[in-house]
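Data block below; observations after.
Reminder, nothing fancy here: chain letters follow the sequence lines and each chain counts from 1.
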Amino acid sequence: MEAIYRALLEKKWMYVVSDTLTMVERNLIRYVRLPQLLIFSTIQPVMFLLLFTYVFGGAIRVTGSYIDYLLPGILVQSAVFGAIQTGVGLTEDMAKGLIDRFRSLPMARAAVLAGRTLADTMRNIFVILLMFGVGSLIGFRIGGSVSDAVLAFAILLLFGFAFSWISATIGLLVKNVETAQVAGFIWVFPLVFASSVFVPVETMPDWLRVFAEINPISVTVNAVRMLLLGYTDAAETARLAWLAVVWIVGILGVFMPLAIRLYRRAA
Amino acid sequence: MPSIQIRDIRKSFGDIEAVRGIDLTVEKGTVLGLLGPNGAGKTTLIRMLTTLMKIDSGEAWVEGLNVDTEAQAVREIIGLAGQYAAVDENLTGRENLIMVGRLYHMPMKEAQLRAADLLGHFDLTDAADRTLKTYSGGMRRRLDLAASLVNNPPVLFLDEPTTGLDPQSRIALWKIIRELVAQGTTVLLTTQYLDEADFLADRIVVIDHGKVIASGTPQELKTELGDEVLEVRIRDISRINEATAALRSIGESQSVHVDFGTQTISMTLDQGVGSLPKAIRALDVAHVEIEDLTVRRPTLDEIFLKLTGHGVRV
């Protein structure tokens, strides 16, 4: 770690990397010092998993077992809900004056945001692995190849990372912790529920189904689901995986520059 | 070359003009105290000088570097300690300082040494490895100030450094600031406290409504703006006229105010505290019994009243 850090300082243009690492470290220390943050961010998805498996699951018709259908959706939902914390954390830093301190330092302008979104993505690794574990305990089985599972995992993380940048943009716009908390959820809720996370979209009314089908969350859930369950139509799996990647790149392409712009101007 | 130079800078937020054309010069190794009530534009001015906020019009230089066009270079040579202790609560004191050092792109070893150094200097060594949650307000401010000194900045901006601190911590912080100045640091500090500006500043600039309304050395301003005020509370309200007459008779000042509610007479001492014995003798001769007597500095409110015709806006 030390050697890498020293090497990064050799070149001025590498400051953005070393500054980002410093910020990632700072953000991760929070989870070490306050393990309850990590525990609470996992209780919610576990509750959703149990609720849908045992309460609603019996009434939902899918091909195959419901837990196999549900878990990939819950994984995407966990990644997306985790991303909301990015905006909340940023507004906390703003309220405490930390962002002012960072902006008065000669550090790379993008590092505060990159450090936060990367740290939240790392937290998502933990949450997703834990959800995998809980899912396996209640009957989830991977049906696809190991390489497909790894690919699914990568898509999950990148999708959460992309949503972290949306969340960062919202946080920088609202500038207030409580508002960020509310504003972070209100747009995510319809996206998560009007999607294929919990139920097949075929049963929805036409107007909603159209929305649910193009919804990036559905696209990602479907891709992850096919990869994890070993869907036999390889061409369709590849198409959805690519579509998910297009969404991720598109979201990052819009919200990264937007958030960095807002950060530079944040007053 | 002056350390800080500001030429006619302005800043508006929507319809509100927060800074309405301020010119300032701060010489190297001196302290400029920016005095003014809440909302006068002090913080906005500091935020523009520390590159946190864009200047609408006008120009400013720190050590010859333009804060607008050479912002990153300015950030290398300034330190900023704020009104809100800008340190990370979840980190220890040491981790906070090392983090700042690394963001100044110091090698790890150097950042560690510098952190240990500053912790020692600010009397925080014992608390160095505890998270900030356990720190008192005074300790946080000291750490905040330490964080602003990691890069040994020649220019230091302090935005209300002691607001909300207990008297002991204030004095401790004042001492540290004085030491820094003795070593050649230029300081621009904002404050709402007259005594703070008086104690620390070589020059004071009073601002209100985004404009400079007075400036000078603390001595000049005091002579010009406000002398000590004598306040006497008398035991027997029926003797108030005799008491007032007695105080007027010492020929000090025409500004004698009577507050019947509190039975208090206040008078500005044009000649300073030296005329206190005269005042007491005059009251004694007039057989006025004194219940309480105090001499105090004019408040910021009284100075503003004198300068602007209105008190400090609440």
Side-chain angles (χ1 to χ4, degrees), chain A residues 1-38 89 92-112 114-116 119 261 263-267, chain B residues 11 13 18 43-44 46-54 67 70-92 95-96 98-112 130-133 140 143-144 147-148 150-151 153 156-157 159:
Chain A
M1 192 68 202
E2 173 59 27
I4 299 169
Y5 178 67
R6 204 197 320 262
L8 288 175
L9 289 183
E10 306 264 301
K11 301 259 192 310
K12 246 195 160 114
W13 59 268
M14 290 299 272
Y15 283 172
V16 66
V17 181
S18 70
D19 291 348
T20 300
L21 283 178
T22 304
M23 294 321 272
V24 168
E25 194 182 322
R26 176 233 150 192
N27 286 316
L28 287 180
I29 284 179
R30 210 160 59 114
Y31 293 109
V32 179
R33 301 269 151 82
L34 302 167
Q36 62 267 36
L37 282 178
L38 214 48
E92 275 170 6
D93 286 349
M94 272 192 266
K96 286 179 182 147
L98 260 168
I99 297 289
D100 279 351
R101 157 84 64 214
F102 293 139
R103 290 176 72 240
S104 77
L105 296 176
M107 62 186 287
R109 303 277 91 184
V112 170
R116 166 71 65 177
R261 234 179 109 93
Y263 173 81
R264 281 168 186 266
R265 290 195 316 196
Chain B
K11 180 79 191 177
F13 303 103
T43 299
T44 306
I46 293 257
R47 292 181 69 85
M48 287 191 283
L49 292 174
T50 52
T51 76
L52 298 182
M53 202 181 259
K54 282 269 179 209
V67 296
E70 294 165 292
Q72 200 71 337
V74 169
R75 291 179 192 119
E76 300 269 3
I77 57 153
I78 60 167
L80 167 67
Q83 209 172 142
Y84 311 99
V87 273
D88 191 334
E89 292 219 332
N90 299 311
L91 303 186
T92 66
E95 284 167 344
N96 263 292
I98 292 176
M99 172 179 76
V100 172
R102 287 173 59 174
L103 295 174
Y104 276 112
H105 309 118
M106 289 178 180
M108 191 62 170
K109 263 265 133 31
E110 196 187 323
Q112 282 167 346
R130 297 204 318 247
T131 62
L132 260 55
K133 293 220 161 76
R140 271 169 207 242
L143 187 73
D144 185 43
S148 70
V150 168
N151 59 331
L156 192 56
F157 294 90
D159 191 13

For A:Y15, check ring pair (Phe, Tyr, Trp, His ring centres under 6.0 Å) against everything at least two apart and list the hits. B:H105
Identify whether the distance between the nearest side-chain nitrogen and carboxylate oxygen of B:D159 and B:R47 falls below 4.0 Å. no
Taking only Lys NZ, Arg NE, NH1 and NH2, and the carboxylate oxygens of Asp or Glu, determine whether A:D93 and A:R26 approach each other closer than 4.0 Å. yes
Identify which part of [X] has an atom lying under 4.5 Å from any heavy atom of chain A, answering side chain, backbone, both or neither.
{"X": "B:A73", "value": "neither"}
{"X": "B:T131", "value": "side chain"}
{"X": "B:T92", "value": "both"}

Is A:I29 close to chain B through its backbone or its side chain, or both, or neither, when contacts mean heavy atoms under 4.5 Å? side chain
Would you please name every residue forming a salt bridge (Lys or Arg N to Asp or Glu O under 4.0 Å) with B:E76, sequence neighbours left out? none
